[in-house]
Amino acid sequence: MINDYTKRAIKIIKSINYATIATASKGGIPWNSPVAHNYDEQLNIYWFSDKNNHHSRNVRDNTRVFIVIYDSTAPEGEGEGVYIQATAKELSDPEEIMFARRIKKGPGYDKPADDFLGDSVRRVYKATPEHIWINDAEEKNGVFLRDFRKELSLDDIRASLKK
């Protein structure tokens, strides 16, 4: 049985088109970038970026990323977000690139993967989740005490995305 936290996380994942991707350089200097993203049934996160962007260079140097998907328009105290620790990579396999493009553009998309390889400026990136959380809050007598993260089962999330 899927719990309420998992249901809320699925709703966020399915309804929010932008995520922030936190990366770090080889030397540990952090960088955070908002990106439009898509996902597959395994909750792999895909985005398309200029290969020279700061976050793109960081992914090539350090595959560890942290992704947050949240509704930035929610009133203070009402926002919820999904937090994903992942490993990311720049895709170089034409079949994987086409898979990611078809998630974004639809199953009939057939432009060549070459648009994201070789001398092309844009690349496709894939983040594979390792852990996932959703935020919650603790109150006492109607007064906010703290917020915290509740870790969720990736298997439960993936099973829900397949439905």
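We number each residue from 1, following the sequence as shown.
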* **Evaluation steps, side chain to side chain contact (heavy atoms under 4.5 Å, CB included), between Glu96 and Lys89** => CA-CA 12 Å; Glu96 277 192 289; Lys89 67 179 182 176; 3.8 Å; yes
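- Side-chain atoms of Arg146 do not come within 3.5 Å of backbone N or O of Glu138 as any donor-acceptor pair.
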Let me have the donor-acceptor pairs involving side chains of residues 64-72, under 3.5 Å, with sequence neighbours excluded, atom names and distances please.
from	atom 1	to	atom 2	distance (Å)
Arg64	NH1	Thr87	OG1	3.3
Arg64	NH1	Glu130	OE1	2.7
Arg64	NH1	Glu130	OE2	3.0
Arg64	NH2	Glu130	OE1	3.1
Asp71	OD1	Thr73	N	2.9
Asp71	OD1	Thr73	OG1	2.5
Asp71	OD2	Thr73	OG1	3.4

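- Counting heavy atoms of neighbouring residues, nucleotides and ligands inside a 6.0 Å radius, atom OH of Tyr18 does not exceed 12 of them.
- Here the CG-CZ distance, from Leu161 to Arg158, works out to 9.5 Å after rounding to the nearest 0.5 Å.
- Taken to the nearest 0.5 Å, the CH2 atom of Trp47 stands 4.5 Å off from the CD1 atom of Ile21.
- Side-chain atoms of Arg8 and Asp136, non-hydrogen and from C-beta on, do get closer than 4.5 Å to each other.
- Ile45 CD1 to His37 NE2: the interatomic distance, rounded to the nearest 0.5 Å, is 5.0 Å.
- Between Ile157 and the choices Ile134, Ile84, Leu43, Val82, the side-chain contact (heavy atoms from CB on, under 4.5 Å) rule is met once, by Leu43.
- Within the hydrophobic cluster formed by Ile, Leu, Val, Met, Phe, Trp and Tyr side chains joined at under 4.5 Å, directly or through other members, Ile97 is accompanied by Tyr46, Phe48, Leu91, Phe99, Ile103, Phe116, Leu117, Val124.
- Summarising the geometry, atom CD belonging to Glu80 is positioned 9.5 Å from atom OH belonging to Tyr5; distances are rounded to the nearest 0.5 Å.
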* To do: Run the numbers on His131 and Tyr83 for side chain to side chain contact (heavy atoms under 4.5 Å, CB included), then give the verdict.
  => CA-CA 8 Å; His131 295 280; Tyr83 302 77; over 6 Å; no
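- When atom types are taken as modelled, the side chain of Asn141 and the backbone of Val143 share no donor-acceptor pair closer than 3.5 angstrom.
- Within the structure, salt bridge (Lys or Arg N to Asp or Glu O under 4.0 Å) contacts touching residues 112-125 (residues at least two apart or in different chains) are Glu90-Arg123.
- Heavy-atom minimum distance, Arg57 versus Lys51: CG-O, 4.0 Å.
- In this structure a side-chain-to-backbone donor-acceptor pair under 3.5 Å is present from Asn135 to Gly81.
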* After noting the C-alpha distance and the side-chain angles of Met98 and Arg102, does the key distance pass the side chain to side chain contact (heavy atoms under 4.5 Å, CB included) rule? -> CA-CA 6 Å; Met98 292 307 294; Arg102 287 182 180 121; 3.7 Å; yes
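- Within 6.0 Å of NZ on Lys104 lie more than 12 heavy atoms contributed by other residues, nucleotides or ligands.
- Remark: the Ser56 side chain and the Tyr125 side chain contain an N/O donor-acceptor pair separated by less than 3.5 Å.
- To the nearest 0.5 Å, the span separating CG on Asn44 from OH on Tyr39 amounts to 12.5 Å.
- Of the possible polar contacts, none joining the His55 side chain to the Ala22 backbone as a donor-acceptor pair under 3.5 Å is found.
- Ionic pairing of Glu41 and Lys162 is not present here: no N-O contact between side-chain nitrogen and carboxylate oxygen is shorter than 4.0 angstrom.
- Within the model, atoms CD of Gln42 and CG of Asp155 stand 9.0 Å from one another, a figure rounded to the nearest 0.5 Å.
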